[in-house]
Visitor: 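First the structure, then my questions, so here it is.
Computed from a predicted structure; not experimentally measured. In listed order, ligands and their atoms are each counted from 1.
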Amino acid sequence: MSDERPIGVFDSGIGGITVLKALRATLPHENLVYLGDTARLPYGTKSAETVTAYATQATKHLLGHDVKMVVIACNTASAVALEPLKKALAPIPVIGVIEPGAKAGTKATKTGRIGVIATEATVKGGAYMRAIQAAMPGAEVTQAPCGLFVTLAEEGWVKGDVAEAAARRYLAPLFKGRNAPDTLVLGCTHFPVLARTIAKVVGKQVKLVDSAATTAKAVTEALAERGLAAKRKARGKTRFLATDSTERFARVGGIFFGEEIRARDVELVDIMPG
Ligand code: DGL
């Protein structure tokens with residue numbers, strides 16, 4: 001069995017492109033449609049109700065592109081809205097990034113002490129705590145919200161004085177003392193582009209993990225289980241949709257994608273109801 005329909009990938013902005021990149025590498029023959037709700041970013045400072053409403057509208061828009069599966073490449077939306085999104089999109093399967101991120105953390109740790117950095121909404125909801133404890137009962141999880149990292153990443157300020165000062169301010173409390181975590185989960189899809197700066201601040205001994213590779217693995221398995229994998233020989237296409245400035249999406253999105261995105265290849269879409 002094979003299914004040539006595209007996989008929908010959704011994030012509040014361009015951060016989810018870190019997951020898209022992993023999907024592109026792992027599943028070269030799949031067509032991918034990426035939607036960034038850039039008009040309403042950030043999600044991480046908003047209530048669970050608002051995030052759920054926005055994410056439902058955005059992912060339903062992807063159904064209009066005849067997607068066979070939806071990947072919620074946003075930790076905030078995965079943390080607070082995965083179950084409502086699964087219901088809203090049924091029977092289309094929906095995969096979030098929290099469980100894959102938690103698994104990456106539990107696989108990497110030697111001491112069982114895991115730090116998680118994420119947006120305020122993700123930290124507040126406690127989804128990472130629960131997912132890590134489920135995968136590794138007894139794990140010691142410490143969390144810190146790092147909302148400014150989202151702005152720095154969207155601004156393209158991923159290294160230098162400002163990024164380092166923010167990283168020190170956020171991360172120093174998490175890493176002081178003898179019981180500091182040996183692993184840090186980058187629990188926001190915007191954070192991997194800041195990895196070098198974060199590593200400089202926390203030290204080389206701390207393993208940095210994110211959910212991109214483990215999510216790509218989860219998607220590959222889910223496609224195989226359901227007989228949904230594409231069988232085409234040619235490379236799959238990647239299509240970009242954004243709810244605000246296509247020029248900005250292309251410019252900053254290219255940093256996340258690791259290759260040029262042309263503004264004319266980004267489609268402006270209106271996903272608001274009514
Ligand atoms: N990329 C989103 C996440 O993974 C956060 C960005 C935002 O606050 O919208 O949590």
Visitor: Do E83 and K87 sit within salt-bridge range, that is, some charged N less than 4.0 Å from a carboxylate O?
Guide: no
Visitor: What about the rings of Y34 and F256, do their centers lie closer together than 6.0 Å?
Guide: no
Visitor: Look at the side-chain heavy atoms of Ile, Leu, Val, Met, Phe, Trp and Tyr, link any pair under 4.5 Å apart, and say whether L171 and V162 land in one connected group.
Guide: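 Same cluster: L171 reaches V162 through Ile, Leu, Val, Met, Phe, Trp or Tyr contacts under 4.5 Å.
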Visitor: How far is atom 5 (C) of ligand 1 from its nearest protein heavy atom, and which residue and atom name does that atom have?
Guide: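 Protein heavy atom with the smallest distance to atom 5 (C) of ligand 1: C188 SG, 3.5 Å.
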Visitor: Determine whether the side chain, the backbone, both or neither of P42 has a heavy atom under 4.0 Å from any heavy atom of ligand 1.
Guide: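 Under 4.0 Å from ligand 1, P42 contributes backbone and side-chain atoms.
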Visitor: What residue and heavy atom of the protein are closest to atom 10 (O) of ligand 1, and at what distance?
Guide: T76 OG1, 2.6 Å
Visitor: Just heavy atoms, cut-off under 4.0 Å: does V150 contact ligand 1 by side chain, backbone, both, or neither?
Guide: side chain
Visitor: I need the contact type for T189 against ligand 1. Using non-hydrogen atoms and a strict under-4.0 Å cut-off, is it side chain, backbone, both or neither?
Guide: both
Visitor: Starting from atom 8 (O) of ligand 1, what is the nearest protein heavy atom, named by residue and atom, and what distance separates them?
Guide: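 Result: G44 N, 2.8 Å.
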Visitor: Does one hydrophobic cluster hold both V9 and Y43, with members joined at side-chain heavy-atom distances below 4.5 Å?
Guide: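 Different clusters.
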Visitor: Report the part of V97 (side chain from C-beta onward, or backbone N, CA, C, O) that has a heavy atom under 4.0 Å from ligand 1; answer both or neither where that applies.
Guide: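 Neither; no heavy atom under 4.0 Å.
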Visitor: Would you say ligand 1 has an N or O under 3.5 Å from any N or O of T119?
Guide: no
Visitor: If you measure only the distance, is there a donor-acceptor pair under 3.5 Å linking the side chains of T109 and D182?
Guide: yes
Visitor: Say whether G15 and ligand 1 are in contact under the criterion: heavy-atom distance to a ligand atom below 4.0 Å.
Guide: no
Visitor: Is there a donor-acceptor contact under 3.5 Å from the side chain of R248 to the main chain of E154?
Guide: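 A pair under 3.5 Å: yes.
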Visitor: Of all the non-hydrogen atoms in the protein, which one sits nearest to atom 2 (C) of ligand 1, and at what distance?
Guide: C74 SG, 3.4 Å
